[in-house]
Amino acid sequence: MPSEYQHIVVAVDGSKASENAFQKAIAIAKRNNAQLIVAHVLDTKTVSSVEAYDQSLVNRSEVYAKTLLEDYYNQAVHAGVSKVETNIDYGSPKVRIPKYVAPAYQADLIVCGATGLNAVERFLIGSVSENITRHATCDVLVVRSVEE
């Protein structure tokens, strides 16, 4: 089993938790000379529930995702990561990241932020990081914020 990671997927959504995960993923990618895949999943369930009221929400969400990923791409390159890709996917982040995005890149590590869901929400729907951990076929690093 290789001791270095070669393909690292970092899940980002623009939150402080995902920013912390992104910074940790940069450090790991640099140490391992690994490819860094910065992934954002547009949650189509959330978008479709309000789309009836605001048709432009999907367009604004896609623009936000592209801007977010472009910013993260530039940060990673500026930090010295030599192999960086971005990925926008559609669906449920808790399903798409471990079952589709990570396998598509042959990821051997997924880095994600811990969520801020309260205990009731976590019990009812489960957190994204919990589901990634449960369903991933590779290592998963859940990065906690200092505030948590």
Side-chain angles (χ1 to χ4, degrees), residues 1-32 34-54 57-73 75-76 79 81 83-148:
M1 177 177 358
S3 61
E4 291 186 344
Y5 294 112
Q6 297 176 354
H7 308 281
I8 301 167
V9 169
V10 59
V12 297
D13 62 7
S15 68
K16 182 65 178 159
S18 76
E19 174 66 26
N20 292 339
F22 174 72
Q23 294 303 324
K24 191 84 76 161
I26 284 176
I28 296 168
K30 285 172 60 176
R31 270 196 314 268
N32 291 271
Q35 176 188 31
L36 181 64
I37 300 96
V38 186
H40 178 77
V41 178
L42 286 170
D43 191 339
T44 53
K45 184 175 181 184
T46 302
V47 171
S48 66
S49 64
V50 292
E51 188 176 27
Y53 304 103
D54 186 357
L57 182 64
V58 173
N59 293 338
R60 289 196 319 259
S61 296
E62 287 178 344
V63 168
Y64 171 77
K66 288 176 184 174
T67 303
L68 179 74
L69 291 179
E70 183 178 324
D71 181 49
Y72 280 133
Y73 175 89
Q75 285 184 55
V81 180
K83 298 173 272 189
V84 184
E85 283 193 46
T86 60
N87 178 277
I88 296 177
D89 204 272
Y90 300 84
S92 168
K94 63 173 71 174
V95 173
R96 299 299 300 180
I97 296 290
K99 292 188 175 183
Y100 299 95
V101 176
Y105 289 95
Q106 299 174 330
D108 41 17
L109 177 65
I110 300 171
V111 181
C112 61
T115 63
L117 293 178
N118 67 41
V120 174
E121 288 172 319
R122 197 172 287 130
F123 175 75
L124 293 174
I125 62 173
S127 73
V128 172
S129 59
E130 177 186 5
N131 276 276
I132 288 173
T133 303
R134 184 180 302 133
H135 297 290
T137 58
C138 63
D139 291 350
V140 177
L141 173 62
V142 178
V143 178
R144 297 206 173 275
S145 299
V146 177
E147 309 86 50
E148 293 183 86

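Quantities reported herein were computed from a predicted structural model and do not represent experimental measurements. Side-chain atoms are counted along with the backbone in the values below, which use heavy atoms only and exclude waters and symmetry mates.
- Between the side chain of H40 and the main chain of I88, no donor-acceptor pair closer than 3.5 Å is present.
- You'll find the side chain of V41 stays beyond 4.5 Å of the side chain of V128, heavy atoms only.
- Residues satisfying the side chain to side chain donor-acceptor pair (under 3.5 Å) criterion with E70, sequence neighbours excluded, are absent altogether.
- Residues V84 and A76 come closest through the heavy atom pair CG2-CB, 3.8 Å.
- Heavy-atom contacts from other residues, nucleotides or ligands closer than 6.0 Å to OH of Y100 number 12 or fewer.
- Between atom OH of residue Y64 and atom CG of residue D13 there is a gap of 6.5 Å, rounded to the nearest 0.5 Å.
- Closest approach of C138 and A107 over heavy atoms only: CB-O, 3.4 Å.
- Rounding to the nearest 0.5 angstrom, the gap separating the OG1 atom in T137 from the CD atom in Q106 is 10.5 Å.
- Not counting sequence neighbours, the partners of F22 by the ring-ring contact (aromatic ring centres under 6.0 Å, His included) test are Y72.
- No more than 12 heavy atoms of other residues, nucleotides or ligands lie within 6.0 Å of NZ in K24, so this atom counts as exposed by the packing criterion.
- Put simply, the side chain of N32 never gets that close to the backbone of Q6: no donor and acceptor are under 3.5 Å apart.
- Closest of all the heavy-atom pairs between I26 and L36 is CG1-CD2, 4.2 Å.
- Residue pairs meeting the salt bridge (charged side-chain N to carboxylate O under 4.0 Å, His left out) criterion with at least one partner in residues 131-140, sequence neighbours excluded, are E130-R134.
- Considering all non-hydrogen atoms of both residues, S129 and G113 come closest at CB-O, 3.7 Å.
- Taking CD1 of I110 as the reference point, atom OG1 of T133 lies at 8.5 Å (rounded to 0.5 Å).
- Remark: side-chain polar atoms of K30 are paired, donor with acceptor, to backbone N or O of A79 under 3.5 angstrom.
- Taking the side chain as every heavy atom from C-beta outward, E19 and Q75 approach each other to under 4.5 Å.
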